[in-house]
Amino acid sequence: MPLRVTLAEDSALLREGLVSILGRFGHDIVDAVADADSLTEAVQARRPDLIITDVRMPPGNANDGLRAAVRLRHRLPRLPVLVLSQYVDQSYAAQLLDSDDGAGVGYLLKDRVGAVAEFNSAVEQVAAGETVIDPEVVRQLMRRRSDPRRRLTARELEVLALMAQGRSNDMIGRQLHVTDAAVNKHIGNIFCKLDLPVATDGHRRVLAVLAYLRS
Amino acid sequence: MPSSVLTYRGAVRSDGERRSRTAWQALARQPLGFLTSAWPWRALLYLTSGLLVGAVTMCLFVVAVSVGLLTVVVVVGAALLLAAALMGLPFARLERWRLQLVDLDGLPNPHRPPAGQGPRAWLRTRLNEPATWRELALLVISLTALYWVDAAVLGLAFVVPALCVGAPIDDPAAWPWAVLGGLLFLAAPYSLTAWAGARAALCRIVLAPREAEVDPHLKEVSESRARLLDAFETERARIERDLHDGAQQRLVALSVTLGLIRLDLPETSPLHRQLAAAQEQVGLALADLRHLVRGLNPQVLTDNGLVAAIEDEASRFPVPVSLDLRLTGRLPQPVETAAYYALAETLANVAKHSQATQVELVGRHHADILSLAVRDNGVGGAEVSGGTGLTGLADRLAVLDGRMRVSSPPGGPTLVLMEIPCRFE
């Protein structure tokens with residue numbers, strides 16, 4: 001199903017690039033703006049299915065895009081937001097995950113846009129209310145929390161990282177070249193070893209893992 | 001010396017200057033060697049001359065104030081009270097001079113030159129200066145408290161031991177008193193010096209020129225240093241912005257273009273694979289740029305503050321870093337920037353030279369001081385002199401009146417302490 005997307009990105013070059021990718025997959029760009037204030041106005045006027053925004057944008061050229069997105073999520077609950085940045089850090093992810101329970105949130109490094117098909121599936125996941133977090137942020141979180149490293153096997157750590165990024169069992173199995181049954185077994189072990197509440201539903205599971213890593 | 005602790009403000013001090021500068025330092029550094037130095041004698045001279053000055057000042061001040069109050073209806077009284085108020089001036093001059101006995105650095109004169117010629121201009125300038133009134137306050141504190149403590153300490157150091165030693169003359173059975181007297185007498189250099197040091201520290205606090213009273217030329221020098229640092233910072237931010245708006249966006253756009261072309265090719269075609277390789281190269285270039293840009297002007301510091309920036313830095317560090325940061329809210333921007341770079345540089349030094357396997361980072365904001373400590377379990381022996389990054393760090397901190405201390409005995413561990421004055425908002 002085509003999505004109605006509002007896009008905010010101050011670099012014209014990249015804005016064009018994103019418009020072509022989304023158009024290519026049949027999505028409908030309702031607005032493509034270049035600053036945080038226009039983003040807020042456009043979203044309120046046209047209620048898109050999803051917003052994609054850069055973190056650093058005019059007018060302040062600081063984290064204006066991110067702040068606008070968080071504000072919009074407070075005003076319009078369940079509004080899916082995919083945030084892109086030239087540089088990722090877990091403190092920005094925290095602001096997004098804390099807004100409206102972290103459902104329908106994506107936070108990715110801009111580099112990921114080049115892997116066009118994967119990027120599009122991230123867009124669709126977020127629009128469906130799931131949570132997608134950049135591997136770089138997950139790596140940061142896993143370094144910060146050193147105890148999983150001691151309790152989990154190397155393979156279980158890989159699975160944990162992929163779960164935290166918001167990958168489904170299917171995607172995890174394909175990436176690690178293992179069967180669904182094996183993925184399920186690893187996930188069961190992880191939840192048991194880390195003493196996490198078992199959640200089968202995709203988005204709730206991501207949030208449980210992220211909450212564990214952030215605590 | 002097994003461990004060397006160096007303190008420097010701006011420049012690294014030469015070894016010669018590591019001799020004790022105050023009586024307290026002398027007492028703390030060599031508790032035994034101190035006995036044969038000149039410091040106990042200096043302390044004694046400081047306190048006895050204090051008694052003398054105190055007695056004379058007491059007479060003059062009490063007479064001037066009481067006669068002044070009695071005759072205030074006549075003009076003479078007002079003049080006498082004015083003279084009493086200005087008595088702090090010669091008194092403080094004398095105190096500054098005496099202070100050099102126990103504090104080799106002494107204190108500069110905080111007074112401005114009079115605004116014009118003649119006694120009226122002099123009087124107006126002096127009466128308008130906060131320094132004049134601080135000096136009067138010191139005079140009152142001295143007369144009501146300090147001189148009495150001087151007398152008590154001198155009494156305890158000499159009179160009490162003398163009485164004790166004399167006790168067995170009347171009653172031979174009282175010999176333990178003589179032993180006690182002897183011990184008290186031996187302790188006298190310590191009690192004298194300790195009090196002299198405390199007294200000097202108090203005088204220094206009251207008499208030291210405030211920032212506005214510092215020699216304008218000195219201030220100019222530190223301001224121009226701050227301006228230079230500002231210019232560097234502005235330039236860094238500009239380069240970072242140019243890279244962010246230019247090269248980084250272009251590379252991402254290039255990657256997008258390559259990605260879109262790949263979509264049109266069958267996955268089995270050799271071109272598809274070559275394009276994937278090209279995209280990977282672009283990704284590596286972006287990662288390099290991101291690393292460079294982060295060093296130039298870390299965005300997370302500007303957006304989310306010092307704690308987030310330090311956590312970010314620590315999470316990318318090759319050695320495990322345990323963080324214990326108790327800093328609430330945002331600090332002033334110059335403090336955050338200086339503290340961040342100081343920590344980043346210190347961590348970089350740890351990674352390069354220390355061979356440490358564990359780093360501990362503690363941050364506190366207490367009593368208007370931001371203090372940061374970095375401890376590692378590495379090989380130690382960090383060089384502070386010789387144009388290393390540490391000297392540059394000290395310069396950066398000195399602009400904010402901060403300082404850093406390094407303890408790094410050969411064999412480790414290394415401890416770097418940084419302190420930056422920073423008011424609680």
Side-chain angles (χ1 to χ4, degrees), chain A residues 9-25 54-58 60-67 84-95 108-120 136-146 149-150 213-214, chain B residues 237 240-241 243-264 267 275-276 278-287 289-291 293-294 297-305 307-323 358:
Chain A
E9 161 62 60
D10 61 327
S11 151
L13 205 58
L14 200 53
R15 201 165 56 235
E16 292 310 312
L18 285 164
V19 168
S20 0
I21 293 176
L22 294 166
R24 185 61 196 267
F25 287 95
D54 187 6
V55 169
R56 187 159 156 190
M57 272 201 301
N61 280 318
N63 54 349
D64 299 47
L66 178 78
R67 277 188 286 136
L84 300 175
S85 180
Q86 209 52 268
Y87 155 82
V88 290
D89 177 76
Q90 58 94 10
S91 58
Y92 297 90
Q95 292 173 44
L108 290 176
L109 209 50
K110 276 190 188 170
D111 305 23
R112 316 287 177 218
V113 180
V116 178
E118 284 88 340
F119 174 70
N120 182 61
E136 189 80 22
V137 179
V138 173
R139 200 170 309 141
Q140 236 187 345
L141 287 171
M142 299 215 357
R143 289 199 65 126
R144 211 166 71 122
R145 230 24 249 237
S146 56
R149 260 182 282 167
R150 281 198 295 274
L213 290 176
R214 286 167 61 198
Chain B
E240 189 268 342
R241 209 169 40 244
L243 284 174
H244 176 267
D245 296 345
Q248 284 186 310
Q249 310 288 359
R250 274 177 203 287
L251 282 174
V252 175
L254 171 62
S255 180
V256 169
T257 311
L258 294 175
L260 284 170
I261 300 172
R262 266 174 76 196
L263 273 189
D264 293 332
E267 279 194 30
L275 282 174
Q279 263 192 311
E280 206 178 306
Q281 293 291 327
V282 175
L284 291 176
L286 275 168
L289 261 182
R290 198 160 44 241
H291 185 72
V293 159
R294 224 173 53 82
N297 189 22
Q299 197 62 35
V300 61
L301 179 67
T302 330
D303 290 341
N304 296 339
V307 173
I310 295 173
E311 282 178 348
D312 178 26
E313 188 73 27
S315 73
R316 291 162 204 272
F317 197 63
V319 180
V321 184
S322 76
L323 292 178
Q358 178 66 44

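Below, read A as the first sequence line, B as the second, and so on, with proteins coming before strands; counting in each chain starts at 1.
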From [X] [atom1] over to [Y] [atom2], what is the distance, rounded to the nearest 0.5 angstrom?
X	Y	atom1	atom2	answer
A:Asp111	B:Leu289	CG	CG	10.0 Å
B:Leu251	A:Lys110	CG	NZ	12.0 Å
A:Tyr87	B:Asp312	OH	CG	3.5 Å
B:Arg316	A:Asp89	CZ	CG	6.5 Å
B:Asp303	A:Leu66	CG	CG	8.0 Å
A:Asp10	B:Gln249	CG	CD	6.5 Å

If every non-hydrogen atom of A:Val116 is compared with every non-hydrogen atom of B:Val256, which pair is closest and at what distance?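 The answer is CG2-O, 4.2 Å.
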Looking only at heavy atoms, what is the nearest atom pair of A:Leu14 and B:Ala253, with distance?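 Nearest pair, atom of A:Leu14 first, then B:Ala253: CD1-N, 3.9 Å.
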Do other residues, nucleotides or ligands put more than 12 heavy atoms under 6.0 Å from the CD atom of B:Gln358?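 Count over threshold, so yes.
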Taking the side chain as everything from C-beta on, heavy atoms only, tell me whether A:Val55 gets closer than 4.5 Å to B:Gln299.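 Result no, sub-4.5 Å side-chain heavy-atom pair not found.
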With a 4.5 Å limit on heavy-atom distance, are the side chains of A:Gln86 and B:Val252 in contact?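 Counting from C-beta outward, A:Gln86 and B:Val252 do come under 4.5 Å.
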Under 4.5 Å, counting heavy-atom pairs only, tell me which of A:Gln90, A:Arg24, A:Arg139, A:Arg56 racks up the most with chain B.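 The candidate making the most pairs under 4.5 Å is A:Arg56.
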[X], part contacting chain B, at a heavy-atom distance under 4.5 Å:
X	result
A:Ala62	both
A:Gln140	both
A:Leu109	side chain
A:Tyr92	both
A:Val88	backbone
A:Glu9	side chain

In terms of heavy-atom proximity below 4.5 Å to chain A, should [X] be classed as side chain, backbone, both, or neither?
X	result
B:Arg294	side chain
B:Gln279	side chain
B:Leu263	both

Taking A:Arg143 for the side chain and B:Phe317 for the main chain, is one N or O donor matched with an acceptor at less than 3.5 Å?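 Yes: the side chain of A:Arg143 pairs with the backbone of B:Phe317.
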In terms of heavy-atom pairs under 4.5 Å, which option from B:Thr302, B:Leu286, B:Val300 contacts chain A the most?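 The residue among B:Thr302, B:Leu286, B:Val300 with the greatest pair count is B:Val300.
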